[in-house]
Every structure is written in C-alpha cells, then in structure tokens.
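Chain identifiers are assigned alphabetically (A, B, ...) following the order of the sequence lines, protein sequences preceding nucleic acid strands; residue numbering begins at 1 within each chain.
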Amino acid sequence: MEPLFSYKDLFWQLTFREIKARYKQSVLGYAWAILVPLLNLLVLSIVFSYVFKVPTGNVPYPIFLFVALVPWLFLVNSITSATGSIMANSSLITKVKLPREILPLTAISSKMVDLLLTCIVLMIFMVIYQIKFQPTLALIPLIFIIQLGLITGISFILSATNVFFRDIENILGVFLTIWMYLTPVLYPSELIPSNLRILFFLNPMTPIVDAYRNTIIYGKFPNIGELGYSFIFALSLLVLGWIYFRKRAKYFADVI
Amino acid sequence: MRNKVIIEFNNVSKKFKKGQKLYLKQALLDFFKPNVTEEFWALKNIDFKISKGESVGIIGVNGSGKSTILKLIAGVLTPTRGEVEVIGRIGPLIELGAGFHPELSGRDNIYLNGTILGLSKKELEEKFESIVDFAELSDFIDTPVKHYSSGMYMRLGFSIAIHINPEILLIDEILAVGDLGFQKKCIDKMNSFHSQGKTIIIISHSMDIVSTFCEKAILIDKGKIREVGKPEKVIAAYNKLIT
C-alpha cells in the first residue's frame, strides 16, 4: 500500500489542534499554564520553607523548588494527557488508518507550550533571585532528552493499557503524586538517608532532577554515572513501550 | 486494467470478545472466577474479490457484519484469521464526524482532517474553496463544528473525503442524513468517481441506491456471505431473508 500520510504534517496539525483547542476552551486559556505552577510553587514554598524548613544552603527555597517543579509538572501534564489520548481520539481510531503512536506523541508535544511558558517564568525568577546564568545551562537539552525519552516510554505503555483498562486514567494521579514525593523535588537529594540512597537512585527521575539543579543553580556538571543510568533506563523503556504499544494498537478499534 | 483485483478477502474471520473487562475491578473479580468473556464471531470465513472500478453495495440486517467488513478494508481493524489485501489509496471510512474536533471551526477541521487523510498543507490550500463550496458551508466555515447540525457534519465529512481523491471510497450509511438535494449531489459525485475508474464500496439500507448505483452487491447475514452478484439477484435474496 502506498503511504497515505505525510506524518510530519500530521504530527504538526494534531499538535496545533491540541494547543488551539485548549486555548479556546477556557476564558483564561494559556494563563492557566502559568497560574497552576505558580500556585503550586506558592503553597509548597510556604509549607516547606516556613513550616518544615527544608535546608537548601544559601539558595532560596522557592528557586530551589521551582527548578525541579517546572520539569516535574511537564512530566505530570504530558503523561496525564498522553494516557487519555487514545480514548480522546476514539473517532479517529475507528475511522482512519493512521499510525496510532502519533496520538500520545502529539499529546506530549503540545504540552511543550506549557513547559516553554513556565521556563520563561523560571528565568524571570532566576533574575529576581540573582541566580547566575551558568555555562552548564548548555547541558539542559541533554538532560531534557533523557527525561523526554522516559516520559514517552511511560506514555506508550499507559495510553495503550488505558484502552483496555479504562481506570488507569483515574489511578494515574495518585501514582504521580507518590512518585513526586519519592523523587527529590521538594527536598535536596542530600537529605536522603544513606542506607536508602541506592533505593532512591533506582528511580530514574532522581538523577534527572539532581542534574537540573546542578546545572541550573550550582553550575556543576551532572553525575555522569547516575545520569547514565537514567539514560539507559529511559532508552529501554522507550523501546519496550513502543513494542508493547504496537502490539496492543492492533486491537484498539476492537474495544473502542 | 479494469479487472485488476484491488481488494481481496482470503478466508477472513473476525472475533470480538463480548463483555470485555474494561475496568480493573472487574478484572480482579473475574480473576477468581471462571472465564466469563464470551467470544463472538462478527465475520466467519469471508472470501471475496473486488476489482478496480467496481461499485459494490454491501447489504444485510443490522449487526450482520457489514461495518466490520468496511473497517477491515479501511485497515482500522485487524482480522483474527485470514488475510485482507488492499492495493491503492483508500479514503477514510465516511461516517458521521470522522475526527472532527468540536471546539474548532469548520476551517480548522478541514485542515486537520485533510492532513489526517494524507493531504499536504499546500494541497489543502488549493482545495479549500472547493471543499467549502461542495459542503455548502461558506456561511458557517468559521463556526465551531459543535454547533453544526448532523446534516452539516455529514456534508463536511463527505466533501473532505471526496477531495482527497482516493482510489477506493468507503461509505457507511451516511446518505441517509443529508436532504434529497445533497443526496443527489453525492450520488452525482459518486457517479463521476465511478466513471473515472475508481472503486466505491457502500453500505446502505436503501435498496434504491444499491440497485441504481451498484454493479455488484454482497449480502451478509450473521457474519457470512449469503449471496454475491448482480444487485437485483442479491436484493431479492435479502428480501426473502427479512420476510
């Protein structure tokens, strides 16, 4: 069969559809993309710097938190949206033969707009808190690609499974919250007791969050060994997730 | 050229599971119970060939497996057994509201749907006016499609589908929605497609459309082919079946 699609055009059209529809649905539109992270930041900063007093050295807690919260919220938003993406596009699944991978992928890519907006806010914060823009910032794309691989792998698995077990979407929120507490987003990884350290660093997001902090705030190189582990983890999950997705995708139209 | 087979079903069967467990609670409960999922064969051992340029009507009562056949041709479903071979650019399965996004305008949806169906942005820009004209929606093209009537939905869907210029057109019982004027326009368009040597497969409950438009008909009953051949013969068999 000759190829029916220009996948590139399709990818962009579907991404723009997501972005445009989101923008049109609510009065505040994309203001939410900034307001929600700021509200999170405000509440968490109050709790963890005034009530619990998490030690963050000479870095103010809000900026310490925000550097990790921005990529974490991107993970939460993109995985949540990708997980529901097949069901949300059920009319396409049952009518047109299209590479189904494109649905979770565009769900993730459309969330990059939110990420970009929060990154701008982050930069403003860095100026306000007088955090120097370090040369190690150049390493961020590398860390981000590892994170993106991890997100995509998880999204493949969850979006395909959600077609057959519709409550995955409901459980996901709780799962992501637990995951956040087990990742050093709200606290520095130095606070993890040394006997639990290995356990915490099995979590592929721990080195990634650490790497963001090191490169953005402290101007330090990330720990190559730990980040390398995350890279291998992400890559394996991406490949396995894709294989699993392709297998299940044959039966999407059967149950939708 | 005309006799080249472009769609071939080789002993195709399609099984669905009745009462599939779609929630974890059910899955957990059922884990301790004997397997309760029932299997259901929507199609059984289907064999047929369609040649390039043929216009084929598929008829049968509701639930007989007609739509499953169309979905297998469209490549949306995968057969459980057997093989489905299709050569050529297939149009979308024309049903109501294929992939329209309710919040977006008709204009945005034309671009979106056109891309989903394989047109480049440039091709779409060239065809845009003609799509809107055929669908008779010039006044509503910037209205979100959630405010469209079912007839407007169908007109837009049909118009986009024929403008992507497919070699195989699949139509699932949509002509029923449009008014008579638009129905006539659709049939005219289908006739002109047919005269260009394109293959058209329609599912219809309107025996008028099948007998006037189709050269060949297939009667499906309980997932099996009952009759294939000239429309008059097949319609007679259908009428016998339902009485």
Next item on the list: Examine B:Phe134 together with B:Phe182 and report whether their ring centres are nearer than 6.0 Å.
Entry: yes
Margin query: We want to know whether A:Asp114 and A:Trp32 form a side-chain donor-acceptor pair, criterion being a heavy-atom distance below 3.5 angstrom.
Written below: no
Item checked: No-hydrogen, no-angle side-chain donor-acceptor test under 3.5 Å, A:Thr15 and A:Ser109 -> yes
Next item on the list: Against chain B, label A:Ile102 side chain, backbone, both or neither, depending on which of its atoms sit under 4.5 Å from a heavy atom there.
Entry: neither
Next item on the list: Could you look at B:Lys15 and say if it's the side chain, the backbone, both or neither that has a heavy atom under 4.5 Å from chain A?
Entry: backbone
Checklist line | Side chain / backbone / both / neither for B:Tyr111 at chain A, heavy atoms under 4.5 Å | finding: both
Checklist line | Exceeds 12 heavy-atom contacts within 6.0 angstrom, atom CZ of B:Phe140 | finding: no
